[in-house]
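Notes for the one structure printed next.
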Amino acid sequence: MKISVVMPVYNERSTLRPVIERVLAAPFELELLCVDDGSTDGSREVLEELAQGHVQVRAFFQPRNLGKGAALRRGIQEATGDFVIIQDADLEYDPADYPVLLDPLIQGKADVVYGSRFLGGRPHRVLYFWHSVGNRILTLISNCLTDINLTDMETCYKAFRREVLQSIKLQEDRFGFEPEITVKIAKRRLRIYEVGVGYWGRTYEEGKKISWKDGARALWCLLKYSVTEPVAAAAPVEASSTAPGDLPQPANRR
């Protein structure tokens, strides 16, 4: 079993090395697909160095800043693993949560797993109240439109069966990826699970990039794709090659 981790990168030079180190320490055979989205802070050079030093790291470079969604599309297209995990490059989410995120997929129970910041007892950094309110409102609207009961639609941590994710045509270039993919998986009646994950949010001084404009775009995307996306047949269920409850042993590393 192989995991593809797709990580968009935009001006994250200060966190790139530690986050890649944590991803590579995960107890799975994996490939890390880093897509630099036109960084200007030296992130590109760091990625080139790390890709040369680690066979698991594959680096791709956008011609200019095209947006998170565009970077994710590139990484998803290149993925070859059995399952795909979306990973930000800013250390707000910890790859130590991969086993719990992947468990429903490994057991053959899920097609998609969301890692919720609001579910379970995992540690969270206490930050912006109104951000949490905005996230919950967007999730509520998403649930109303899709008739699914997520607690955290906007979470970065999402894991998929690769063939399911690659079969979905994605269009959003920026942070609209989250509502777009949520509506489209709901329209396909896929098996969706949620698990609790930790969260170490950043302040704007520390490099946080999302703004109220992205929240407005997310609302627009929810409305747009709820109307325009047709209901599709559910993806076929494939038997898992891993026994229920079993997690793979750590892969051999150089």
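FYI, the numbering just counts along the sequence from 1.
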- Message: Checking the side chain of Asp90 only, and the main-chain atoms of Glu92 only, is there a donor and an acceptor separated by less than 3.5 Å?
- Response: yes

- Query: Looking only at heavy atoms, which two atoms of Cys34 and Val57 are closest? And how far apart?
  - Reply: SG-CG1, 4.3 Å

- Begin with the C-alpha distance, continue with both residues' side-chain angles, and end with the deciding distance and a verdict on side chain to side chain contact (heavy atoms under 4.5 Å, CB included) for Asp97 and Val195. CA-CA 10 Å; Asp97 283 326; Val195 297; over 6 Å; no

- Query: How far does CD1 of Ile181 sit from CD1 of Ile76, to the nearest 0.5 angstrom?
  - Reply: 6.5 Å

- Starting from the C-alpha separation in whole Å, work towards a yes-or-no answer on salt bridge (Lys or Arg N to Asp or Glu O under 4.0 Å) for Glu21 and Arg17. CA-CA 6 Å; Glu21 180 180 334; Arg17 293 182 189 276; over 6 Å; no

- Stepwise side chain to side chain contact (heavy atoms under 4.5 Å, CB included) check, Met7 with Val19: CA-CA 10 Å; Met7 188 168 72; Val19 74; 3.9 Å; yes

- Message: Would the distance check show the side chain of Asn143 and the main-chain N or O of Leu150 forming a donor-acceptor pair, the cut-off being under 3.5 Å?
- Response: yes

- Start with the C-alpha distance between Lys68 and Asp88, add both sets of side-chain angles, then the distance that settles side chain to side chain contact (heavy atoms under 4.5 Å, CB included), and finish with yes or no. CA-CA 10 Å; Lys68 178 180 178 179; Asp88 282 347; 3.2 Å; yes

- Message: Tell me whether Leu66 shares a hydrophobic cluster with Phe60, the cluster being built from Ile, Leu, Val, Met, Phe, Trp, Tyr side chains joined at under 4.5 Å.
- Response: no

- Message: With a 3.5 Å distance limit and no angle check, can you tell me whether Ser43 reaches the backbone of Arg13 through a side-chain donor-acceptor pair?
- Response: yes

- Query: Would you say Leu101 and Met1 are hydrophobically clustered, going by side-chain heavy atoms of ILVMFWY under 4.5 Å?
  - Reply: yes

- Apply side-chain contact (heavy atoms from CB on, under 4.5 Å) to Lys2 and list each qualifying residue two or more places apart in sequence or on a separate chain. Glu29, Glu31, Thr80, Asp82

- Query: Do Tyr114 and Tyr193 have ring centres separated by under 6.0 Å?
  - Reply: no

- CD (Gln62) and CZ (Arg64) are apart, to the nearest 0.5 Å, by 9.0 Å

- Query: Taking a hydrophobic cluster as the set of Ile, Leu, Val, Met, Phe, Trp and Tyr residues connected by side-chain heavy atoms closer than 4.5 Å, whether directly or through intermediates, do Leu145 and Val227 fall within one such cluster?
  - Reply: no

- Find out whether Asn11 and Asp37 are in side-chain contact, i.e. whether some heavy atom of one side chain is under 4.5 Å from a heavy atom of the other. no

- Task: Measure the shortest side-chain to side-chain distance between Val5 and Gln56 over non-hydrogen atoms and say whether it is less than 4.5 angstrom.
- Result: no

- Check whether any side-chain heavy atom of Lys158 sits under 4.5 Å from a side-chain heavy atom of Leu165, and report yes or no. no

- Note on the structure: Between Thr155 and Gly115 the two heavy atoms that sit nearest each other are OG1-O, 2.6 Å

- Message: With no hydrogens and no angle check, just 3.5 Å: does a side-chain donor-acceptor pair link Tyr98 and Gln87?
- Response: yes

- Counterpart residues, side-chain contact (heavy atoms from CB on, under 4.5 Å), relative to Ser142 (two or more places apart): Thr146, Met153, Thr182, Leu222

- CG of Leu24 to CG of Leu32, rounded to nearest 0.5 Å, is 6.0 Å

- Between Arg73 and Asp173, is a salt bridge (Lys or Arg N to Asp or Glu O under 4.0 Å) present by the stated rule, with each step listed? CA-CA 9 Å; Arg73 283 201 304 273; Asp173 286 337; 2.7 Å; yes

- Message: Is any side-chain heavy atom of Phe61 closer than 4.5 Å to one of Glu48?
- Response: yes

- Task: Grab the two heavy atoms, one from Pro179 and one from Glu154, that are nearest each other, plus how far apart they are.
- Result: CD-OE2, 4.2 Å

- Task: Would you give the length of the straight line joining atom CG of Asp103 to atom NZ of Lys109, rounded to the nearest 0.5 angstrom?
- Result: 7.5 Å

- Task: Taking the side chain as every heavy atom from C-beta outward, state whether Phe160 and Phe83 have any pair of such atoms under 4.5 Å apart.
- Result: no

- Task: Specify the closest pair of heavy atoms between Cys156 and Glu178, including all atoms of both residues, with the distance to one decimal.
- Result: CA-OE2, 4.4 Å

- Task: Report yes if the side chains of Ile185 and Ile192 come closer than 4.5 Å at any heavy-atom pair, otherwise no.
- Result: yes

- Item | Side-chain (Glu194) to main-chain (Thr151) donor-acceptor, under 3.5 angstrom | yes

- Message: With a 4.5 Å cut-off on side-chain heavy-atom distances among I, L, V, M, F, W and Y, is there a chain of contacts connecting Leu223 to Leu138?
- Response: yes

- Task: Determine yes or no for a side-chain-to-main-chain donor-acceptor pair under 3.5 angstrom, with Arg174 supplying the side chain and Arg217 the backbone.
- Result: no

- Minimum-distance pair of heavy atoms, taken over all atoms of Ala89 and Thr15: O-OG1, 2.6 Å

- Query: If you take all heavy atoms of Ala71 and Pro8, which pair is closest and at what distance?
  - Reply: CB-CB, 3.8 Å

- Message: Has Ser167 got a side-chain atom pairing as donor or acceptor with Val164's backbone, closer than 3.5 angstrom?
- Response: yes

- Message: Could you tell me if the side chain of Glu229 sits less than 4.5 Å from the side chain of Glu180, heavy atoms only?
- Response: no

- Query: How about Asp152 and Tyr157: do any of their side-chain heavy atoms sit closer than 4.5 Å?
  - Reply: no

- Who passes salt bridge (charged side-chain N to carboxylate O under 4.0 Å, His left out) against Arg162, sequence neighbours left out? none

- Under a single-linkage definition using a 4.5 Å side-chain heavy-atom cutoff for Ile, Leu, Val, Met, Phe, Trp and Tyr, are Val183 and Ile137 assigned to the same hydrophobic cluster? yes

- Message: Using modelled atom types and a 3.5 Å cut-off, is there a donor and acceptor pairing between side-chain atoms of Arg188 and backbone atoms of Lys184?
- Response: yes

- Measure the CG-CG distance between Asp41 and Leu16 for me, rounded to the nearest 0.5 Å. 8.0 Å

- Message: Assess the residue pair Glu78 and Val35 against the criterion (side chain to side chain contact (heavy atoms under 4.5 Å, CB included)); give the C-alpha distance rounded to whole Å, side-chain angles, the decisive distance to 0.1 Å, and a yes or no.
- Response: CA-CA 10 Å; Glu78 298 286 347; Val35 183; over 6 Å; no

- Item | OG1-CD1 distance between Thr139 and Ile148, expressed to the nearest 0.5 angstrom | 9.5 Å

